[in-house]
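Here's the structure, in structure tokens; my notes come after.
Here is the naming used below: chain letters follow the sequence lines, and residue numbers restart at 1 for every chain. We use all heavy atoms of the structure for the numbers below, so side chains are in, but hydrogens, waters and symmetry mates are not.
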Amino acid sequence: MRQQGDFLHVLKEHGYGSETIMQPAFGQSVINPAELTTGTTVFAMKYADGVLVAGDRRATAGNVVMYDRTDKVLEIDRYSVMAIAGVPATAFEMARVLEHSFKYYRRSQLQDLSFEGKLRALSTLLKNNAPAALAGTGTVVPVFAGYDALEGCGKIFFYDILGAEFEAVEYAVSGSGSSTIRGILYYMNRWGDGPVAGLNEEDALIFVLRLMTSAAEFDSATGGVDAQAQLYPIVKRVSAEGVRTIPADRLKTLFSEKVLNHV
Amino acid sequence: MYEEPYRWIEAVENRRNYLDDQFMQGNPLIGVSFAQGILLLTFNRGTDKIYEIYDRIALGGMGHPADLEKLRYTMLDMAHVEGFQRSPADVTAARLMKNGLAPVVKQAFEEIYKAPYIIKVLLAEVGPTQERDRLFSINYDGMFEEQREFVVMAASSSIREILLKEWKPQGPSSSLKDALELSLRLWGIASVLQSAAPSSDTGEEDVKTDVLAPSSSEPTIPDDEAIASRIRETLAQETLECVLLDRETGRMETYRTLSQSELQPLIPQEFVPAKQQ
């Protein structure tokens with residue numbers, strides 16, 4: 001008997017997943033991984049009211065900027081967000097599978113999928129994708145953040161390309177620009193004015209914008225903030241009330257007052 | 001013994017009689033399109049009868065819970081696979097009904113060696129505007145109808161004709177309270193008529209001549225007190241189940257079950273059971 005409420009299984013019954021373009025044979029790299037779009041900076045960090053998840057807007061292929069309005073912070077359902085780094089084709093597809101899986105589970109089983117169950121679902125997708133990840137054509141390294149209704153708190157998880165799942169205590173980062181951010185977060189938590197997790201929403205948002213600007217400074221594949229083109233990172237807030245996108249206007253004000261002109 | 005055509009027709013006729021009896025005890029289900037969305041209303045004795053199928057689509061059922069569950073899964077699978085592989089915009093109640101539900105139900109009904117589905121199903125799809133709301137009902141034999149303003153599912157499909165006389169168009173200023181009041185009243189009428197009729201749906205012609213619609217006179221709507229007392233009795237004994245497909249949420253998902261505390265203030269005073277007044 002099939003596992004109840006398993007959307008991936010339903011999809012497979014309808015022929016999904018038999019496509020082979022994402023899974024070239026081992027040792028035969030059809031595409032030079034450098035030509036794939038992988039560069040990015042995404043991160044999630046806890047703050048006083050929950051979790052903020054942010055991502056830059058740039059999509060690159062090698063040293064070519066492909067697109068400047070990518071949304072890498074994807075709302076999977078009302079209480080969870082996935083920030084993606086890696087090959088967009090696979091990453092967006094995973095997000096869509098997850099979104100439909102959670103909906104399908106809730107509607108068929110008449111109860112919400114638990115937070116644990118959601119994590120497991122993402123882990124399974126990554127594991128199934130391992131051959132493509134190892135071949136370099138389907139690498140996805142996501143950060144997953146959500147509100148755990150059972151425990152009443154926001155949580156952050158990050159994954160390796162094979163689907164191993166790790167819980168982040170304070171923050172998680174992914175993508176080519178992430179090492180800069182990781183360094184700053186470590187420094188701030190250790191020698192800053194206090195743990196980042198204690199910041200209020202406004203201070204946390206300012207911090208997010210500064211982190212993104214720093215990442216863009218040292219990583220050509222990270223878009224950072226382009227105030228001239230009105231391009232701000234996508235920032236989403238996850239809390240007991242669900243997922244909310246921080247409006248670009250608010251980021252604009254904070255950026256010009258506290259990032260650009262701040263000494 | 002069913003090789004001969006007339007035997008087969010006879011078997012199908014027996015099936016109709018058998019199925020019609022199954023629905024006599026069932027609770028009617030009402031769907032009303034109004035300004036804010038679509039309201040679906042029924043009563044239940046513990047098991048819910050209204051379910052979410054997709055972002056803008058809900059299903060209501062009457063009949064055997066196991067059959068309903070099976071068809072609900074068929075609808076869910078169809079809707080989600082389509083929504084995933086194409087787009088949520090391509091998932092419509094019309095397609096689910098015409099390509100998904102109707103052929104399955106009709107086939108089961110006519111395969112006289114197998115058990116039919118003991119169900120009547122309602123599909124409601126809320127549109128971006130009231131003009132684009134769609135309501136479908138399907139009978140156990142696979143016959144389905146498409147409506148725009150309201151739909152009723154009851155033991156006899158002829159009840160809709162009678163309820164049409166009571167129908168008040170829900171214009172752009174109609175509120176949830178208006179829609180609930182009207183739905184409750186329609187439910188009450190359907191329920192009283194249903195229990196007054198000894199049999200129903202025994203063929204196209206018979207429907208017109210049964211107790212619901214005596215050939216001598218126009219079908220009569222029960223008096224207000226009979227309707228109110230039926231609603232009061234049912235409210236006291238069963239659970240009012242209301243779902244709103246809310247076009248004004250601003251989200252992809254529109255389905256919301258109205259809680260008892262939300263419903264209480266909306267129920268007209270004359271329908272509230274005595275001990276709760």
Crowding at CZ, A:Arg244 (>12 non-hydrogen neighbours, <6.0 Å): yes

Heavy-atom neighbours of A:Arg250 CZ exceed 12 at 6.0 Å: yes

Which atoms of A:Arg78 approach chain B - backbone, side chain, both or neither, heavy atom under 4.5 Å: both

B:Gln25, CD atom: more than 12 neighbouring heavy atoms under 6.0 Å: no

Part of B:Tyr255 lying under 4.5 Å from any heavy atom of chain A: neither

Gap separating the CZ atom of B:Arg72 from the OG atom of A:Ser108, nearest 0.5 angstrom: 6.5 Å

Test item: A:Glu13 and B:Val81 side chains (from C-beta on) under 4.5 Å apart, heavy atoms: no

Contact origin within B:Asp48 toward chain A - heavy atom pairs under 4.5 Å: neither

More than 12 heavy atoms of other groups within 6.0 Å of B:Glu262 CD: yes

Evaluation steps, side chain to side chain contact (heavy atoms under 4.5 Å, CB included), between B:Met252 and A:Glu99: CA-CA 12 Å; B:Met252 287 285 282; A:Glu99 187 189 345; 5.7 Å; no

Greater than 12 external heavy atoms within 6.0 Å of A:Glu116's CD: no

A:Tyr104 ring center within less than 6.0 Å of B:Phe84 ring center: no

Greater than 12 external heavy atoms within 6.0 Å of B:Lys70's NZ: no

Heavy-atom side-chain proximity of A:Lys103 to B:Leu76 below 4.5 angstrom: no

Under 4.5 Å from a heavy atom of chain A, the part of B:Tyr51 involved: side chain

Close side-chain approach of B:Gln85 to A:Leu11, heavy-atom, < 4.5 Å: yes

Closest non-hydrogen atom pair between A:Arg107 and B:Asp55, with its separation: NH2-OD1, 2.8 Å

Within 6.0 angstrom of B:Lys106 NZ, more than 12 heavy atoms from elsewhere: no

